[in-house]
There are 2 protein chains.
Amino acid sequence: MGVHGFERHDHARCVGSALDTAERFCAENKLKLTPARRRVLEILLSEHKAMGAYDILAILAAEGVGSQPPVVYRALDFLVGHGFVHKIERLNSYIACAHPGATHSPAFMICRACHHVVETPAQVSSGLDGAAADIGFAIEARVVEAEGLCPNCQSPDAVAR
Amino acid sequence: MGVHGFERHDHARCVGSALDTAERFCAENKLKLTPARRRVLEILLSEHKAMGAYDILAILAAEGVGSQPPVVYRALDFLVGHGFVHKIERLNSYIACAHPGATHSPAFMICRACHHVVETPAQVSSGLDGAAADIGFAIEARVVEAEGLCPNCQSPDAVAR
DNA sequence: AACTGAAATGTTATTCTGTATCAAGTCTTG
DNA sequence: CAAGACTTGATACAGAATAACATTTCAGTT
């Protein structure tokens, strides 16, 4: 059992599915999903939450894989660069992409109470694009994040969730 | 001389003006613009760019003021909390508000070449608000940043700018 | 004027995040 | 197989932020 969005769901299989998608994408685009990269993606998919680089590093270290910061940062650079993983700037942490395949400019909702992070499927940056066009700014990357309370944490009795 | 937006401008006087605005706002709202807070704001206004906390700290230290990290982080917390300064999450740095007074959810354009940061006057987060409303998420804070090339840095000969 | 509670400072230390650097291996492509 | 590009290993360091504690300042109250 896990949590997807702010609702429950059985996500045992979506990990494998997402890994398969990544494998396929890399094969098609001559990218190398090396063991370290694959393992980091797998960890992020399994945990299904935003994780700090050092949280991931701790897991790698426990498995005897390379346990120095550059190992995980290099893997994250690759995964973020190709859209398999997103960085949540507000939290200095990383989360597996919830909508792989789709070319998107993701937006995130971060609950400050339960710390769940949801990637919105919606395209929300049109206003930003317009403002950039107005001044001739060429956008290459977007950061769109909202922090607040998720539906579950807005009720007064939602403390121990 | 300085740079405002992505155009040149003489901004000698806008520093004083912005400081006055802050003074007035604090007086009206019973907030204390203490020397350390005022000095940090002044530095950010003068430099007129995004600065890391430790850049600011170095300046404070050179002046003999308190030179430990908490000094600058406390000042920044105050200034960010009341909207005098914004944090650029993408850069882990801070910039003086370019539109003081206006209640806004700021958005930023970050040039990866010349490192200038522009705060857009436009309200760009309506799409995000809509997506949040759809799922019942209560937004308390927004992060909207775009990274790319400013007009000046898009031409091939704009290297040494 | 003295008392009190809240806010602001001073200080030391520590933790978390991320990069620079250089040496060594691997892969692939002509 | 040689050259170049990419990936890894490893050490060290730089940069960002907070914890925890004692001390001081200050506005409002008695």
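Chain naming here is simple, since letters A, B, ... match the order of the sequence lines and numbering starts at 1 in each.
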For DNA chain C, whose closest nucleotide is more 5', that of B:Asn92 or that of B:Val71?
-> B:Val71
Looking only at side-chain atoms of A:Lys87, point me to the closest of D:dA10, C:dG18, D:dT8.
-> C:dG18
Do the side chains of A:Val143 and A:Ile88 join up, straight or via other hydrophobic residues, at under 4.5 Å, putting them in one cluster?
-> no
Does A:Asn29 use its side chain to pair, donor to acceptor, with the backbone of A:Cys26 at less than 3.5 Å?
-> no
Atom-pair distance (CG on B:Asp77; P on C:dA8), nearest Å | 11 Å
Pair B:Glu119, B:His99: side-chain N/O donor-acceptor within cut-off below 3.5 Å | no
With DNA chain D as reference, determine whether B:Lys30 or B:Ser93 sits nearer its 5' end, using the nearest nucleotide of each.
-> B:Ser93
Looking only at heavy atoms, the pair that brings A:Cys97 and A:Gly83 closest together is CB-O, 3.5 Å
Under 4.0 angstrom between A:Tyr94 side-chain N/O and C:dG18 OP1 or OP2 | yes
Could you state the atom-to-atom distance from CG of A:Asp55 to C1' of C:dG18 in whole Å?
-> 14 Å
Separation of D:dA10 C1' from A:Leu57 CG (nearest whole Å) = 13 Å
Polar side-chain atom of A:Glu89 near backbone of B:Leu91 as donor-acceptor pair, under 3.5 Å = no
B:Tyr54 (side chain) and D:dA17 (base): donor-acceptor pair under 3.5 Å | yes
Atom CG of A:Leu33 to atom P of D:dC6: distance rounded to whole Å?
-> 18 Å
Which nucleotide in C:dT9, D:dT18, D:dT7 has an atom nearest any side-chain atom of A:Lys32 = D:dT7
Figure out the CD1/P separation between A:Ile88 and C:dG18, and round it to whole Å.
-> 12 Å
Mind calculating the distance between NE2 (B:His82) and P (C:dA7) to the nearest angstrom?
-> 11 Å
Can you figure out which of C:dG18, C:dA8, D:dT7 approaches the side chain of A:Pro69 most closely?
-> C:dG18
Give the rounded distance in Å between these two atoms: CG of A:Leu76 and P of D:dT7.
-> 15 Å
Walking DNA chain D from its 5' end, the first of A:Thr34 and B:Pro70 to be reached, judged by nearest nucleotide, is A:Thr34
B:Arg74 CZ to D:dA19 C1': how many Å, rounded?
-> 11 Å
